[in-house]
Every structure is written in C-alpha cells, then in structure tokens.
There are 2 protein chains.
Amino acid sequence: MEEKLPTFESIFSIDCLIFGFEAGELKILLIERNEEPFGGWFALPGYIVKEDESLDDAADRILYELTGLRDLQMKQFHTFGEVNRHPQGRVITVGYYALIRINGQKELRPISQYARKAVWHPVKSLPKLAFDHTEIFKNGFGKIRRRLNYQPIAFDLLPEKFTLTQLQGLYEAILDKKLDKRNFRKKMLSYGFLKELVEKQKGVSYRAAKLYKFDRRKYAKIFQNELTAE
Amino acid sequence: MEEKLPTFESIFSIDCLIFGFEAGELKILLIERNEEPFGGWFALPGYIVKEDESLDDAADRILYELTGLRDLQMKQFHTFGEVNRHPQGRVITVGYYALIRINGQKELRPISQYARKAVWHPVKSLPKLAFDHTEIFKNGFGKIRRRLNYQPIAFDLLPEKFTLTQLQGLYEAILDKKLDKRNFRKKMLSYGFLKELVEKQKGVSYRAAKLYKFDRRKYAKIFQNELTAE
DNA sequence: ATTTAACGGTGTAATTTTCACACCTTATAT
DNA sequence: ATATAAGGTGTGAAAATTACACCGTTAAAT
C-alpha cells in the first residue's frame, strides 16, 4: 500500500505572544535576538519546530529555551505564511499566545544562545520587531481583546489574590477604555465565580480593599453547559 | 549581514472545509482521493502549498484544482500539526473554511487527477475521513457554530433572495436546535440589514413567503464601530 | 490633632434585550 | 369547498445593561 511514497521534511516555526500585567500596564514578552537575520532586534520568542514534536509541545519548549518560562498553557491563534516573511526561505509560523502573572514567574533567563535577553515590554510603545512580528502581535492582540468578553482570561494575568479595582484596571488596559466602577463590580460579582477572601490588601496608604480569588471550579460548573468558546 | 545563512524549504498543506446548505441540510464538500495514501477514501479538499504562494492564495488554488470552485474567500481557522498526522512525514496543515451557496455554483469538477470526484455530503452522517480530517472538521465546525452568533455568515449559504423561514432553518441546522419563529424574525429584522423585496417565493404549494436580501452595505454601516470579530 | 490624598465601596431608576407563548391568514391542490 | 401547509403577527414578564454621585476609610504628611 505505502510503497515508494516520497517522504517529506519541513521547516516551520512557532512564535509566542505572552501577555503580562504589571504596574497597571499590559506588557508582552520580547527577546533581543542574538543571531542573524535581525541580529540585535527585538522579536517575539519564536523558533523552528523539531521534526518529532507536536506544535503544542514545540511551543512550550521554544518559549522555555528563549525565556526560561515553562508550562504556560499557550493556545494557537493564527498561522502566518506570506511568501517572503522570512528572509531565508519559505518558513511559515504558527502563532501561540498565553496570559500570565508577571510576578508569579521566576526571572527571565534565556537558556539558548539565540536570545541575548528576554524582557517585558509595554504594548503601548512596542519597538519595531523582527520579521512580521508586529503583524503577528496585532493579530493576536485583537483576538485576545475580543475573547476577553466571553472567556475568563483576565485572571491569568493577575496575582492569585486581587482586588476588584485591579481587575477593572486590567480590563481597561486590554480594552483601552474606561469602565464604570459600579457596573463593573456588579457584573463581575453576579457571575458568582469570584470568591471573596477575609484577607485584605496590604501595604497601601489608603483604605485596604478586599481581596478576591477566581474560583475555577465554580466557573466550570456555571459555564459547563454553554458552548465552550475556544 | 546575510552571508551564508542556510535556506529553508518546507512542505505543508492546506485543507478546506467548505459548507453548503441544500434541502434543509448542512453539507460539506468532500473529495474522493485518487492517490495513496488513503486512496479511495473521502477527504477534505486539501493539498501541498507551493513555495511561491501565500497561504491564502494556495487555499484558493487548491480548492479550485480539487473541486472546480474558485474565489470563495476562505478564512483560516486552525493549524494541525501532530507529529504523525501524515504517514509520509512531518506535514502540518492549515485549515481554511468558507460557506457558500450550493446552487449558485457550477457543478463540481476536479481539475487535478488527485481527486476522483468532489461531492456534497451532509454533516450529520460523515464517513470516516482520510488523515486527521475528521478532527479538522470538528474543530472548524465548532468555530463556525460559535461565529454564527456574532457574524453574518449564514447569508453566504443561502441564495441571494431567501425567505425568513429558510434563514431560520439554516440557523437551526447549524446550531442543531429549534428556534422560536416570532422571536427569530423580530430579532433578525431589528438588525436592519435585511432588505424586504417586493418579490415573493414561487413554485410552492402554499402561501408564498416574502423574499429578503442581505444588505452588506447596511451591515457594514451598522457594525462599523464595533470591534470586528475575525 | 488635623488635614489631605487616594482609593473603597455602595443603589436606583430607565432602558433595552431576551424569552415564552398561540392563533388567524393565505395560497395552492384536490 | 375543503384540506393542507406554511406565512405572518404581539404582548407581557424577566433579565441584563446603562447612566449616574457621594460618603467612608486609611495612612501619610503637616
């Protein structure tokens, strides 16, 4: 049956769009490239996929090697395949994203020589990026922004315990618009998946706010019957 | 700067998920494969991308060669890259979808020898498909189902002039559930992008229904300010 | 001790959207 | 004429969304 069929080899890559939230600002993770092409440029963490690893596995490995971060549960969002997007030939790239807590992570420390360093950079003022990475960023950011309205992705960006004001600030940063405090709180609490803690905020020079946790269990229970939006 | 960098070659494919609506049923376009592997099996129309064509261009060409259909405005929905999804080596594939009017199209006629024939097949009773195409179908169908709620994709599946009952039947076919007639009509008409025609349905043995058109211009005007969901 | 800066926290009314629900009308075929 | 099959229509209840402003608490500064 399968005699004499040719075998195929492939070169393609993965690029990672990792969002974090710090000091009221939305940031993404960039590397400074150490190699040609685009040596010295900022770029999304990304590299060539190995022959024997699935896309999801490759995304984890590559992000780890370039930034030191691992086990992020990234998801694919789009594949970019313009003919000349890579100067060395035809390399399509699969975009993955994740949202994470910046402070909950160890320091950024590239394992591979391929990246000089990895840094968090505000999305409001991104530098020019290598390859078509600016386009990849825009595409991914747009999707995440839309997803915010029907998926609990914001909680991945906050510390485990957070105040409602922090949560609102994050929504405002992603959506880039002001929200009404009372309506925001009412709505969030009405979902029923936020767990109010006894603990309060510390170290602030004003009235300490209540802390909340996102209760993944309750969320799953509440929304189990709905069409899961990917 | 760019001296002596190696050049890369790649083999990857595109698979197309084309939906149509006929006789109250949702269908997809399948080809019967003429070559190994999976000779004689049903499969999604799909093939290898050429070195010098973008993904979007490749999708158009491949669909045309395998089915005779062209200019469909397909959109990418996901990339599939399990290590062993293709028996001949590492071939990742980019999934594209489109929704089209079955009757508005010319007959299906593969240009390439690669497909024996192309057929419309009800999604309710799909046969086993080649490669991981069943998984690709499920993934794409799920996305389209969700998209139906916030994108005017249904109109692509209907004739240019259609009745509200036809439109409702289509929604019911995609969502796989019954909808309330009065509420459905009220809601659809409230959007303001359906243009009521003077013309009526013909050739039916019961009271003829009014025909409507989807007014793309009005749609664009109405929704221009909203976040465009891709 | 008083003041100040900064955020915490709360309620109500109007409007819009969603949902549930049933009957008469019209065109055609017999 | 009558049987058939779908066309077409409205209302009230419930839920969700929006707009909107003030007092309270805390710690730091004076």
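Here the structure is a predicted model, which is why all the values come from computation and not from measurement. Chain letters run A, B, ... following the sequence lines, proteins first and then strands; every chain starts at 1.
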**Message:** Tell me the interatomic distance from B/R207, atom CZ, to C/dT28, atom P, rounded to whole angstroms.
**Reply:** 11 Å
**Asked** Is the side chain of B/Q201 donor-acceptor paired with the backbone N or O of B/A208 at a distance under 3.5 Å, no angle test?
**Response** no
**Message:** If you assign B/K187 and A/Q201 each to the DNA chain C nucleotide with the nearest heavy atom, which residue ends up on the more 5' nucleotide?
**Reply:** A/Q201
**Asked** B/K186 has an atom NZ; how far is it from atom C1' of D/dG10, in whole Å?
**Response** 8 Å
**Fill in**
The answer to which of A/D180 and A/V204 contacts DNA chain D further toward the 5' end, by nearest nucleotide, is A/D180
**Message:** Ring centroids only, cut at 6.0 angstrom: are A/F184 and A/Y171 within range, meaning strictly under it?
**Reply:** yes
**Prompt:** Are A/Y97 and A/R147 linked by a side-chain donor-acceptor pair shorter than 3.5 Å?
**Reply:** yes
**Message:** Between B/F77 and B/Y96, is the ring centroid distance below 6.0 Å?
**Reply:** no
**Prompt:** B/K200 NZ to D/dG8 P: how many Å, rounded?
**Reply:** 7 Å
**Request:** Would you kindly give the CD-to-P distance between A/E196 and C/dG8, to the nearest whole Å?
**Result:** 14 Å
**Value in whole Å for how far the P atom of C/dG9 lies from CD of A/Q168** = 12 Å
**Asked** If only side-chain N and O atoms of A/S205 are considered, is one of them under 4.0 Å from the OP1 or OP2 phosphate oxygen of D/dT26?
**Response** no
**Fill in**
Assign each of A/A209 and A/R182 the nucleotide of DNA chain C bearing its closest heavy atom; nearer the 5' end lies the nucleotide of A/A209
**Nucleotide D/dG7, atom P - distance to CZ of B/F184 in whole Å** = 12 Å
**Message:** Can you measure A/L189 atom CG to C/dG8 atom P for me and round it to whole angstrom units?
**Reply:** 14 Å
**Request:** Measure the distance from OH on A/Y191 to P on D/dA15 and round it to the nearest whole Å.
**Result:** 16 Å
**Message:** Does a side-chain N or O of B/R185 approach OP1 or OP2 of D/dG8 to a distance below 4.0 Å, or not?
**Reply:** yes
**Prompt:** Does the separation of the ring centres of B/F155 and B/F162 fall below 6.0 angstrom?
**Reply:** yes
**Prompt:** Which nucleotide in the set D/dT17, C/dG8, C/dA20 lies at the smallest distance from any side-chain heavy atom of B/N183?
**Reply:** C/dA20
**Prompt:** Counting only distance, no hydrogens or angles, is the base of C/dG9 paired donor-acceptor with the side chain of A/K181 under 3.5 Å?
**Reply:** yes
**Message:** At 4.0 Å (heavy atoms only), tell me whether A/T165 reaches a base, stays on the sugar-phosphate, or touches nothing.
**Reply:** sugar-phosphate
